[in-house]
**Q** 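Sharing a structure, written as structure tokens. Questions coming.
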Amino acid sequence: MLPESLRQHAVAQAVEAFDAEAIVGGAYDRGELALEIAPPKIASVCGFLKYDQKFVRLSTVTAVDRYPAEPRFEVVYELHSLERNQRVRLQCRLRGQDPVIESVTSVWRGANWYEREVFDLFGIRFMNHPDLRRIMMPDDWEGHPLRKDYPITGSRV
Amino acid sequence: MSDQGTPEQVAAWVDAPVEDAPAPSGARYMVLNMGPQHPSTHGVLRLRLELDGETIRNCQPDIGYLHTGIEKEFEVKTYQQAVTLTDRVDYLAPLSMNLGYCLAVEKLLGLEIPPQAQWMRVMLTELTRLNSHLVWLGTHALDIGAMSVFLYCFREREDILRLFEMFSGQRMMTSYFRIGGLALEPPRGWDQRVKKFIDVFPERVDEYENLLTRNPIWLGRTRGIGVISLEDMLDLGVTGPMLRAAGLKTDARKDEPYSSYEKFDFEVPTRTENDVFARYQVRIEEMRQSTRIVRQAMEGMPPGPWKAADQHVVLPDREKMKTQMEALIYHFKIVTEGFRVPAGEVYQVIESPRGELGFFVVGDGTTKPYRVHMRTPSFGNLQATARMVEGTLIADVIAAIGSMDFVLGDTDR
């Protein structure tokens, strides 16, 4: 459901026209448009934005851990359209227990490393990712360092 | 000839199957491990190359050797303390990192920065761009075999580092930009020092061009090398000079101006050849344009304060702190616990020497950032390595990856 305050934004309107159930919230804050997308719809919305709305670039993918709140994780996608000179942020909320979301590597091959990084540091799994391995930490590392319940210091016992 | 065997024997050796050669069935390829300690990866990058003769069949970059958990570290520092962390990410362009972070937090705070601080920031980030491009040019030429260019480039880089030292007391990890303006008042006589430098610098760029632009060895090693299509680059997240060398006129300084870049007159150079040589030409031209910006900033430097007037965020002057009770209280509050930043999320993009640098900062109303993510240009650019070098010769790998101008600290964070 698109919030009333976002009706004036062409991108938000277009996404709503494409799939009304995909948008579950959003905000326009400090000149930046953020849309909250239902997690199962993320790949199709990204495909729509890339091929239909000219958001050819995926600037980054990252995540925020809202521990101990639920849904705990927020996956953040920053999209950039060179033609429209515009940016839009997509956010998906995931539960803390076994967080999993569809990969967007089918839309942008460049999502590969960004999603690996989120997988490595947050432990969020991406379905249909071609090569979901750790990228920053050693392969045999335990835990996901950017989670809020992962200590900043201390030694392993 | 006699000690090498008869012609019949030689012919038999030539025809005999060699152990490692790729056979049509059950082919075997040589795997070459380049790095992580390799002089031309400029840091700790490991490339796993699968070779068919001298042709690369498959390339797998392996990163993470320099991962230091800086994004985690942000979460336990106050907003102002965290400025010093940003220097260490892209250590060849520390002021660009400072600027991106400060702009993001200032956007979250809704803080207005006085014109002098903005112009000073523009001037120093452009000097940083020169610094970074000089290191790139010197080391890239060194990799390809032009030894002397390195010495020339580092001569000018030394001048820039001395300027940074004059401003901030530090040569590399300057942390000169702070949330709310600058760390210190610009030093006396800075304009003469900057003028002295930019008066001679354009001639120095000509000097580099004399050494390289028409040098047949340089041309042979860079022309037509490292080509990758524009579509692939956009898809894989490449930004900056690499895109401009493929003919795409994109630059955050023009498209999404920040820190009053819209008031400066400069060109965004582009080339269409899309090879290592075109990237070299783009960066050389960027150096000339940056010199123009530095000159404009120096000559038109607006008078006025160099830090914002918000007493909740910016430390008071020493004088006031020692004479006014209120200033003393604010000073104590800011130093001991930091300033509160309202809840919200921002994504601030700037044009670093390497490309699009984005800071995603999440505030939660406390004095420490809840989450900081850095979208660093090197990470995106490096992802295109495999696409760029697969199918080319092993000797061109060094030239191709050098033309991306990545910094491993920036990649691994």
Side-chain angles (χ1 to χ4, degrees), chain A residues 27 29-34 50 55-67 74 76-89 91 105 107-114 116-118 120-122 131 133-139 141 144-148 150-153, chain B residues 60-69 71-76 104 107-110 230-239 243 248-250 252 254-256 342-349 356 358-360 362 364 370-376 379-380 382-384 386-387 411-413:
Chain A
D29 182 26
R30 298 171 173 93
E32 295 177 16
L33 178 65
K50 179 181 176 185
F55 283 87
V56 291
R57 282 196 57 237
L58 175 68
S59 182
T60 191
V61 179
T62 185
V64 182
D65 182 2
R66 299 283 183 186
Y67 183 78
E74 219 171 82
V76 181
Y77 302 81
E78 292 283 350
L79 275 55
H80 182 203
S81 169
L82 296 164
E83 208 165 296
R84 302 164 72 144
N85 193 16
Q86 198 179 358
R87 287 177 192 272
V88 64
R89 174 159 60 241
Q91 282 161 315
T105 42
V107 185
W108 295 279
R109 273 173 293 157
N112 189 330
W113 281 18
Y114 294 111
R116 277 178 68 187
E117 189 189 325
V118 172
D120 186 358
L121 304 177
F122 285 93
D131 182 27
R133 288 181 292 132
R134 285 189 182 269
I135 189 166
M136 297 296 183
M137 308 304 285
D139 289 337
W141 194 263
H144 303 286
L146 278 182
R147 287 190 173 190
K148 287 282 176 181
Y150 189 97
I152 183 89
T153 181
Chain B
Q60 282 185 12
D62 185 6
I63 62 166
Y65 291 93
L66 220 56
H67 180 65
T68 47
E71 288 182 8
K72 182 88 175 171
E73 195 79 23
F74 270 103
E75 294 168 12
V76 293
K107 198 171 181 183
L108 212 47
L109 280 164
L230 184 59
E231 289 70 36
D232 277 340
M233 283 200 275
L234 286 173
D235 205 25
L236 288 166
V238 177
T239 50
L243 288 183
L248 188 66
K249 202 167 191 160
T250 167
K254 285 276 190 204
D255 303 337
E256 304 153 274
E345 297 171 359
V346 291
Y347 187 62
Q348 172 69 43
V349 167
E356 183 192 76
F359 270 89
F360 178 67
V362 181
D364 62 346
Y370 189 76
R371 166 100 175 98
V372 176
H373 170 72
M374 289 170 275
R375 187 265 176 231
T376 49
F379 189 78
L382 203 53
Q383 196 168 192
R387 191 83 190 79
T411 311
D412 296 346
R413 284 158 284 147

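Convention: sequence-line order gives letters A, B, ...; per-chain numbering from 1. A quick note: this is a predicted structure, and the numbers were derived from the prediction, not measured.
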**Q** Under 4.5 Å, counting heavy-atom pairs only, tell me which of B/His67, B/Glu71, B/Lys72 racks up the most with chain A.
**A**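 Going by pairs under 4.5 Å, I would pick B/Lys72.
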
**Q** Would you mind checking which part of A/Val76 comes under 4.5 Å of any heavy atom in chain B, side chain (CB onward), backbone (N, CA, C, O), both or neither?
**A**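 Just its side chain gets close to chain B.
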
**Q** Counting N and O atoms only, with roles assigned by atom type, does the side chain of B/Arg375 sit under 3.5 Å from a partner on the main chain of A/Ser59, one being a donor and the other an acceptor?
**A**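 Indeed, once roles are kept as given, a pair shorter than 3.5 Å links the two residues.
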
**Q** List for me each residue that meets salt bridge (Lys or Arg N to Asp or Glu O under 4.0 Å) alongside A/Arg116, sequence neighbours excluded, and say none if there are none.
**A**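 Salt bridge (Lys or Arg N to Asp or Glu O under 4.0 Å) list for A/Arg116, sorted by chain: A/Asp131.
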
**Q** Taking 4.5 Å as the heavy-atom cut-off, does anything in residues 77-84 of chain A contact chain B, and if so which residues?
**A**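 Counting heavy atoms that sit under 4.5 Å from chain B, the residues of residues 77-84 of chain A involved are A/Glu78, A/His80, A/Leu82.
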
**Q** For B/Glu356, is it the side chain, the backbone, both or neither that has a heavy atom under 4.5 Å from a heavy atom of chain A?
**A**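 Contact with chain A involves the side chain of B/Glu356 alone.
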
**Q** Select one option (side chain, backbone, both, neither) describing which atoms of B/Leu66 are under 4.5 Å from chain A's heavy atoms.
**A**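 For B/Leu66, no heavy atom lies under 4.5 Å from chain A.
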
**Q** Is chain B contacted by the side chain of A/Arg89, its backbone, both, or neither, given a heavy-atom distance below 4.5 Å?
**A**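 Interface part for A/Arg89: side chain.
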
**Q** With only heavy atoms counted, which part of B/Phe360 is less than 4.5 Å from chain A, the side chain, the backbone, both or neither?
**A**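 Side chain only.
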
**Q** Please flag which part of A/Asp120 lies under 4.5 Å from any non-hydrogen atom of chain B: side chain, backbone, both or neither.
**A**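 The answer is neither part of A/Asp120.
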
**Q** Will you find, in the side chains of B/Tyr347 and A/Thr60, an N or O donor that is under 3.5 Å from an N or O acceptor?
**A**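 The criterion, which ignores hydrogens and geometry beyond distance, is not satisfied for A/Thr60 and B/Tyr347.
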
**Q** With a 4.5 angstrom heavy-atom cut-off, could you sort out which part of B/Phe379 is near chain A: side chain, backbone, both or neither?
**A**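 Both backbone and side chain of B/Phe379 come within 4.5 Å of chain A.
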
**Q** Which one, A/Trp113, A/Tyr114, A/Trp108, leads in non-hydrogen pairs under 4.5 Å with chain B?
**A**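 Heavy-atom pair counts peak at A/Trp113.
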
**Q** Examine whether an atom of B/Val76 lies under 4.5 Å from a heavy atom of chain A, and if so say whether it belongs to the side chain, the backbone or both; otherwise answer neither.
**A**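 The side chain, not the backbone.
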
**Q** In terms of heavy-atom proximity below 4.5 Å to chain B, should A/Gln86 be classed as side chain, backbone, both, or neither?
**A**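 No part of it gets close to chain B.
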
**Q** Does A/Glu117 have any salt bridge (Lys or Arg N to Asp or Glu O under 4.0 Å) partners at least two apart in sequence or in another chain, and if so, which?
**A**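 Checked A/Glu117 against salt bridge (Lys or Arg N to Asp or Glu O under 4.0 Å); matches are B/Arg413.
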
**Q** If you count every heavy atom of other residues, nucleotides or ligands that lies below 6.0 Å from B/Arg387 atom CZ, does the total exceed 12?
**A**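 No, CZ of B/Arg387 has 12 or fewer neighbouring heavy atoms, counting only those of other groups under 6.0 Å.
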
**Q** Tell me, please, which residues at least two apart from A/Lys148 pass salt bridge (Lys or Arg N to Asp or Glu O under 4.0 Å).
**A**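 Once residues adjacent in sequence are excluded, the partners of A/Lys148 under the salt bridge (Lys or Arg N to Asp or Glu O under 4.0 Å) criterion are B/Glu75.
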
**Q** Is it the side chain or the backbone of A/Ala63 that comes within 4.5 Å of chain B heavy atoms, both, or neither?
**A**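 Only the backbone of A/Ala63 comes within 4.5 Å of chain B.
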
**Q** Taking 4.0 angstrom as the limit, do B/Asp364 and B/Arg371 come out as a salt bridge?
**A**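 Salt bridge flag = no for B/Arg371 with B/Asp364.
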
**Q** Can you say whether the rings of B/Phe359 and B/Phe74 are parallel (under 30°), tilted (30 to 60°) or perpendicular (over 60°)?
**A**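 Taking B/Phe74 first and then B/Phe359, their aromatic rings stand perpendicular (interplane angle over 60°).
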
**Q** Report which part of B/Asp62 has an atom under 4.5 Å of a heavy atom belonging to chain A: side chain, backbone, both, or neither.
**A**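 Interface part for B/Asp62: neither.
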
